[in-house]
2 protein chains.
Amino acid sequence: MRKINENEIQKVKLDDVADKAGVSRTTVSRVLNNRGYISDKTRQKVHEAVELLNYQPNEIARSLFIKKTFIIGLIFPTTNNPFYGQLIFHLENICESFGYRVLLCNSQGREDKERNYLKMLLRHQVDGIIAGAHNRGIEEYNNQHLPLVGIDRFLSKNIPVVSSDNYDGGKKATQLLIDKGCKQIIHINGSPSLETPANLRREAYEDVMKENEFHPRTYIIGDNVIEKLFDENPNVDGIFASDDLIAANVIREAKRRNRNIPDDLKVIGYDGTETTRILLPELSTIQQPVKEIADLAIKLLMKQINGESEPQIEWKLPIKLIKGETT
Amino acid sequence: MRKINENEIQKVKLDDVADKAGVSRTTVSRVLNNRGYISDKTRQKVHEAVELLNYQPNEIARSLFIKKTFIIGLIFPTTNNPFYGQLIFHLENICESFGYRVLLCNSQGREDKERNYLKMLLRHQVDGIIAGAHNRGIEEYNNQHLPLVGIDRFLSKNIPVVSSDNYDGGKKATQLLIDKGCKQIIHINGSPSLETPANLRREAYEDVMKENEFHPRTYIIGDNVIEKLFDENPNVDGIFASDDLIAANVIREAKRRNRNIPDDLKVIGYDGTETTRILLPELSTIQQPVKEIADLAIKLLMKQINGESEPQIEWKLPIKLIKGETT
DNA sequence: ATCTATATGTCAACCGGTTGACATATTCAT
DNA sequence: ATGAATATGTCAACCGGTTGACATATAGAT
């Protein structure tokens, strides 16, 4: 560090290292990037100077020239949710192992925020984006030739989507309730207007119900849905919630109404995150392969970044049925 | 977008806009940044060109010149934890409202990772860092004159630390167990070698215990601590866990041993995150003011970024005792 | 001694913006 | 008509790296 004048402290830059080592700027850059012929003596002088000055290359300057930032944008509703928290953890982790860093965007399910984040990421020249936000109709996703992968979320018809096998999950959840003898099974799901593969959970639920000659009934998440559900269906004896938090709310409401779980009412959720397994281990649920989803998403993104082609658009990973004490 | 040759597609740049609008590069920059005198006619021409070409300024180039990236680095153990997930959500959110973006780093409690992340953030020229990672002795935190704020974590003696009132939390938790009639109360905590204000939870526990003429006993988190705790203390009737996930594990083990909660054994946790409140609402806990912590941390960071001085180093925010069914 | 191949290093343009210094045009007062 | 003030815009240097083109030195071959 070198003082220019009071208060202003200049960061060490390449030229300082070059001066110290008694070589040119280029030589230092060559040494640091291992390019061209450099004698051991020079190499060492440079490394000593770098060490001595504690030089940290300015990635911004580097990025500008090489037109690559090694930054991936992540757009998800919120880290304050066990599923996304766990997913983002793995995504960040894997990115890091590939030498990429991660700009985090919590879109909070708001289309305007998502759009702004997308623009911001483009201005920041990110090398790719992984999005699992919950909005549709962001046309910006289409006309960018930017590496992009969706998680549980259709972004545009040519953009790969990675998700768990939602249909199978919905099927297994519903089947479990039926096998356990439930007669009136209700499903709680997010709005079907969101174009997400998670809608397949509902589809599977309806298919299985019909196959077994039951009448499917789905409630859409919203204010007081759970209370309404219980009020309108006093005899409900099986509930398939499309995520574990909803399932937890169902359980709470059931307790409030003195419904005994699993005797009077069986409940199964969806996600099976680590946090849920710890906080609510008795919950039956469909566990998503979160790490595998993250792995695949990054793999597909890296392929795009490296210009390799990949025709497959939809990717489904196997889920796992966890039978707990709530069924 | 303008094709240079096959496959390569050049992003629209300032010069393209200038050409389109029939003015110079400077003029476009002036219009976009509202500097100097620009006639309405010129201004409009430029805006039209920007619109037409869908121009997105390259923030990398801009950052390089103005020496400011509007990026804040966040270093925390993992988003896959309800407390950090919620905290990071708020931090990102508030940053966004100030026009800053966030580079996320999951240090996983590993000192080497934390150190590497720190270096990476410096190379990326972040404007500031908020760290709540769980290691000590990262000397790099000291000699950087970089805006820095710790959350629940001492980084260096001049770096502000924001935390909840851990002493008060520990006191209230312990006192509650005593008030409820517990005679043998045990505390489970992280390693005291981590220099975190969270150690005050333990200190308060010990102080309150002694005041009440009880013998304090603390177990450090590790393999099978909980089983060991029960094995070694068959008569334990109160457990104060230093976070809610541990409390949940305690509850699970207690059930396995057919200990009735709260009759035979009372349990209280710490954190009281939204996720815990949903998944395990019956848990008694000390709730941290997560959003307020985030607010204050960002406020302190912004002060540093703007060069304002702030003598206070330690900041404590009030916690809230939530009495649930486990006590 | 001359020529070529191999090492080693320097120069200067470039990435895409920003901005101080400067040039020109227009308006207004004297 | 002249000078000063105001309006409008251009030029070129700069941010801190990277890299192709080029210069020089040394070694080895003929």
Side-chain angles (χ1 to χ4, degrees), chain A residues 1-2 4 8-47 49-50 53 55-71 120 122-127, chain B residues 1-2 4 8-46 49-50 53-71 120 122-127:
Chain A
M1 304 276 161
R2 164 180 54 119
I4 291 295
E8 199 186 350
I9 302 204
Q10 208 61 16
K11 289 202 176 122
V12 177
K13 39 200 230 184
L14 204 61
D15 287 317
D16 300 324
V17 177
D19 281 359
K20 190 67 145 193
V23 298
S24 76
R25 191 145 107 246
T26 310
T27 302
V28 178
S29 174
R30 290 260 158 83
V31 169
L32 295 179
N33 297 305
N34 264 318
R35 302 177 62 85
Y37 304 106
I38 298 286
S39 68
D40 280 350
K41 217 181 73 194
T42 305
R43 191 180 304 277
Q44 200 182 336
K45 271 192 303 184
V46 170
H47 279 132
V50 164
L53 300 171
Y55 170 67
Q56 301 283 355
N58 182 329
E59 289 270 349
I60 296 293
R62 182 161 203 272
S63 293
L64 179 58
F65 189 86
I66 66 175
K67 299 192 180 208
K68 188 159 165 60
T69 53
F70 289 96
I71 295 181
M120 180 275 280
L122 291 172
R123 287 198 306 271
H124 264 283
Q125 317 298 114
V126 294
D127 292 340
Chain B
M1 304 279 162
R2 162 181 57 119
I4 290 295
E8 200 187 350
I9 301 204
Q10 207 64 15
K11 290 201 177 125
V12 178
K13 39 199 230 183
L14 203 61
D15 287 317
D16 300 323
V17 177
D19 281 358
K20 190 67 145 193
V23 298
S24 77
R25 192 146 107 245
T26 309
T27 303
V28 177
S29 175
R30 291 260 158 83
V31 170
L32 296 178
N33 296 306
N34 265 317
R35 302 178 61 85
Y37 303 106
I38 298 285
S39 68
D40 281 351
K41 218 180 71 192
T42 305
R43 189 181 305 277
Q44 200 182 333
K45 272 192 305 185
V46 170
V50 164
L53 300 171
N54 188 27
Y55 170 68
Q56 303 281 356
N58 182 330
E59 290 270 349
I60 296 293
R62 183 161 202 271
S63 293
L64 180 58
F65 189 85
I66 66 176
K67 300 192 180 208
K68 188 162 165 59
T69 54
F70 289 96
I71 294 181
M120 180 275 282
L122 290 172
R123 287 198 305 271
H124 264 283
Q125 317 295 117
V126 295
D127 292 340

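Order of the sequence lines fixes the chain letters, A, B, ..., with proteins taken first and strands second; residue numbering starts at 1 for each chain. The basis for the numbers below is simple: all heavy atoms, side chains too, and nothing from hydrogens, waters or symmetry mates.
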Sugar-phosphate, base or nothing in reach of A:Arg25, heavy atoms under 4.0 Å: base
Closest nucleotide among C:dG16, C:dT8, D:dG9 to the B:Thr27 side chain: D:dG9
For the student: nearest non-hydrogen atoms of A:Leu14 and A:Arg25, plus distance: CD2-CG, 3.5 Å
Rounded interatomic separation in angstrom, taking CD1 from B:Ile38 and C1' from C:dT18: 13 Å
Under 3.5 Å side-chain donor-acceptor pair for B:Thr26 and B:Ser29: no
Side-chain-base donor-acceptor pair under 3.5 Å for B:Arg30 and D:dT10: yes
Base D:dC11 to side chain B:Ser24, donor-acceptor N/O within 3.5 Å cut-off: no
Quiz item: B:Arg62 side-chain donor-acceptor pair to C:dG16 base, under 3.5 Å: no
Side-chain donor/acceptor contact of B:Arg43 with base of D:dT8 under 3.5 Å: no
Over-ring placement of B:Lys68 relative to B:Phe70, 6.0 Å and 45° cut-offs: yes
Given DNA chain C, 5'-ward residue of the pair A:Gly22 and B:Asn33, judged by closest heavy atom: A:Gly22
Distance, rounded to the nearest Å, where A:Lys67 contributes NZ and C:dC15 contributes P: 7 Å
Distance test, side-chain N/O of A:Ser29 to OP1/OP2 of D:dT19, below 4.0 Å: no
Length of the line joining A:Leu14:CG and D:dT18:P, which is rounded to integer Å: 7 Å
